[in-house]
Amino acid sequence: MATMHLRIGDLVWGKLGRYPPWPGKVVSPPKDLKKPRGKKCHFVKFFGTEDHAWIKVEQLKPYHPHKEEMIKINKGKRFQQAVDAVEDFLKKKEKQGGKEQSSEGKGDSKGKKTPTKPLKILEEDDEDLSALKDPSEKPASSMEPISKRLKIVEEDTGSTSIQAADSTAINGSIIPTDKRIGFLGLGLMGSGIVSNLLKMGHVVTVWNRTAEKCDLFIQEGARLGRTPAEVVSMCDITFSCVSDPKAARDLVLGPSGVLQGIRPGKCYVEMSTLDPETITELSQVISSRGGRFLEAPVAGSQQVSNEGMLVILAAGDRTVYEDCSSCFQAMGKTSFFLGEAGNAAKMMLILNMVQGSFMATIAEGLTLAQATGQSQHTFLDILSQGQMASTFVDQKCQNILQGNFKPDYYLKHIQKDLRLAISMGDTANHPTPMAAAANEVYKRAKALDQSDNDMSAVYRAYIH
């Protein structure tokens, strides 16, 4: 990628800690505030707040080229107000003939400094939420009906999209449910989900096949369940997020499994990406014990999970979906209710089929560029300025060029999803030739011992 040169006054998107990118402006730091050692960064003022922060260069993007992309991924009220503040700033600047007039650190006509409010200076890992939150905004009462706390949009298909009016910490407080929450599976996705549930005040009991993974969450305030059955019996709503259909069945039907802890009224939410047939089977066995079932697979990656910005696709018992509202607000930026159990599995497999096929095509393009004597970096620069530009493309290509295949979404899991999507196409007698071709490339990558690397390691299937 070409080096980005920023100057004082430039508008940017700055990413602070685990929060989504936020609009800001590069400004001069106070004279007595030194730049953090060993960091290439700029001092940024966030719009819609009175706060400033040092932001690493790699966490900054120019405002205008990425505006449309950022607006699509963040629909929060406070975020929209911040974007409006940027637009107002630009209009005023245009009226002034392009000359920015700011009272920050400048004297008046007599050389006296204009008094300003004390500034809250944040580092990137600062957990103080005030940086991206309106301090005057009061949390909604926990007694308000869900329709008051959520924006509900009915679609022509009959599905429902629920977007939290204040779905993340930057958009206001989440009122955690008083129901006891259980969580089974602390892998790449589950770990981020549980962390956000705890941060937003939920009471969570955890279990993992490898018990050591629970230790960190116990330190953060989670409770420990000895078996899946014990977690379900202790909790009102239990979530599960495991690797594949076999793991999901074993968790429910195996020794000391979920089914042994299910009682009438207990809720079970399957968040794993599974095939529709497995979802139907699990729904039936849970319901047979008087339990209430919801599937809720998530679209995203480890990073997105850590940031609490997943997209949640839910189907099954609508009342469970509503009971999970504060949990979904904590873990995701939006959620969709898609009707009867199995529909979310189908939609998720289609989404992952497209993503997996796209990743294979990107890798093919990078290797073809190299094989024909073209610069891979230039290819990426051109790609990032076109219609296919996205955070996904930028991050995956950068990782490939750096040889960094640390898993954000396991290659073995995207190959599993492609396989399940192809099988679903067979059942529907619908052709999936692109997915089938991509699946063969991922199988080749797995044969090269890339299963536990990131999905972008499919690149290595083309160079070996």
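Sequence positions, counted from 1, serve as the residue numbers for this chain.
Between the side chain of D408 and the backbone N or O of Q303 there is at least one donor-acceptor pair closer than 3.5 Å. Judged by distance alone, with hydrogens and angles left aside, the side-chain atoms of N196 form a donor-acceptor pair with the main-chain N or O of S305 at under 3.5 Å. Under a 3.5 Å cut-off, the side chain of T227 and the backbone N or O of E230 do form a donor-acceptor pair. Checking side-chain atoms of S287 against main-chain N and O of S283 turns up a donor-acceptor pair under 3.5 Å. The main-chain N or O of A360 is found under 3.5 Å from a side-chain atom of Y462 such that the two form a donor-acceptor pair. Within the 3.5 Å criterion, the main-chain N or O of L186 finds a donor-acceptor partner in the side chain of N208. In this structure, the side chain of T205 does not engage the main chain of V231 through any donor-acceptor pair within 3.5 Å. A donor-acceptor pair under 3.5 Å is formed between the side chain of S272 and the backbone N or O of V242. Listed for the R180 side chain is a donor-acceptor partner under 3.5 Å among the backbone atoms of M234.
At most 12 non-hydrogen atoms from other residues, nucleotides or ligands lie less than 6.0 angstrom from CD of E340. The 12-atom threshold is exceeded at CZ of R249, counting heavy atoms of other residues, nucleotides or ligands nearer than 6.0 Å. Within a 6.0 Å sphere centred on CE of M388, heavy atoms belonging to other residues, nucleotides or ligands number 12 at most. At most 12 heavy atoms of other shown residues, nucleotides or ligands fall within 6.0 angstrom of atom CD in E68.
Pairing each heavy atom of I422 with each of A436, the nearest pair is CD1-CA, 3.6 Å. The shortest heavy-atom contact between A445 and V458 is CB-CA, 4.1 Å. Considering all non-hydrogen atoms of both residues, N439 and R419 come closest at OD1-N, 4.2 Å. Minimum heavy-atom separation, N306 to G192: OD1-CA, 3.4 Å. Between P245 and D275, the shortest heavy-atom distance links the atoms CG-OD1, 3.3 Å. Taking each heavy atom of F337 and G316 in turn, the nearest pair found is CZ-O, 3.4 Å.
In this structure, F183 and F239 have parallel ring planes: the angle between them is below the 30° cut-off, well short of the 60° mark. Classified by interplanar angle (parallel below 30°, tilted 30° to 60°, perpendicular above 60°), the ring pair Y63/W13 is parallel.
To the nearest 0.5 Å, atoms CD (Q450) and CG (L411) are separated by 7.0 Å. To the nearest 0.5 Å, the span separating NZ on K246 from CG on L274 amounts to 13.5 Å. Within the model, atoms CD of E295 and OG1 of T273 stand 10.0 Å from one another, a figure rounded to the nearest 0.5 Å. Here L11 contributes atom CG and K45 contributes atom NZ; the two are 11.5 Å apart, rounded to the nearest 0.5 Å. Rounding to the nearest 0.5 angstrom, the gap separating the NZ atom in K61 from the OG atom in S384 is 9.5 Å. Rounded to the nearest 0.5 Å, atoms CE (M331) and SG (C241) are 9.5 Å apart.
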Stepwise side-chain hydrogen bond (donor to acceptor under 3.5 Å, both in side chains) check, T391 with E69: CA-CA 8 Å; T391 301; E69 169 194 344; 2.3 Å; yes
Go through Y268 and V252 one step at a time and tell me if the side-chain contact (heavy atoms from CB on, under 4.5 Å) criterion holds. CA-CA 10 Å; Y268 188 65; V252 173; 3.7 Å; yes
With side-chain contact (heavy atoms from CB on, under 4.5 Å) as the test, would you mind laying out the steps for N352 and Y409 before giving the verdict? CA-CA 11 Å; N352 284 358; Y409 194 96; 3.3 Å; yes
Can I414 and Q355 be said to form a side-chain contact (heavy atoms from CB on, under 4.5 Å), step by step? CA-CA 9 Å; I414 199 71; Q355 181 174 246; 4.2 Å; yes
Trace of the side-chain contact (heavy atoms from CB on, under 4.5 Å) decision for S326 with H202: CA-CA 9 Å; S326 73; H202 295 83; 2.8 Å; yes
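Side-chain contact check for T210 and E212: no donor-acceptor pair (N or O, by modelled atom type) lies under 3.5 Å. Inspection of the S233 and R263 side chains reveals no N or O donor paired with an N or O acceptor under 3.5 Å. For the residue pair S243 / Y410, no side-chain donor-acceptor distance below 3.5 Å is found, with atom types taken as modelled. Residues K443 and Q415 have side chains that never bring a donor and an acceptor to within less than 3.5 angstrom of each other.
For the pair D452 and K412, the salt-bridge criterion is met [side-chain N within less than 4.0 Å of a carboxylate O]. Using a cutoff of 4.0 Å between basic side-chain nitrogens and carboxylate oxygens, D244 and K416 are not scored as salt-bridged. The pair E322-R318 meets the salt-bridge criterion, with a side-chain N (NZ, NE, NH1 or NH2) lying under 4.0 Å from an Asp/Glu carboxylate O. Using a 4.0 Å cut-off between a side-chain N of Lys or Arg and a carboxylate O of Asp or Glu, K67 and E87 qualify as a salt bridge.
Counting heavy atoms from C-beta outward, F405 and S456 have side chains that approach closer than 4.5 Å. Using a 4.5 Å heavy-atom cutoff, the side chains of K406 and D454 are not in contact.
When the options T367, V393, L380 are evaluated for a side-chain contact (heavy atoms from CB on, under 4.5 Å) with I362, the one that passes is V393.
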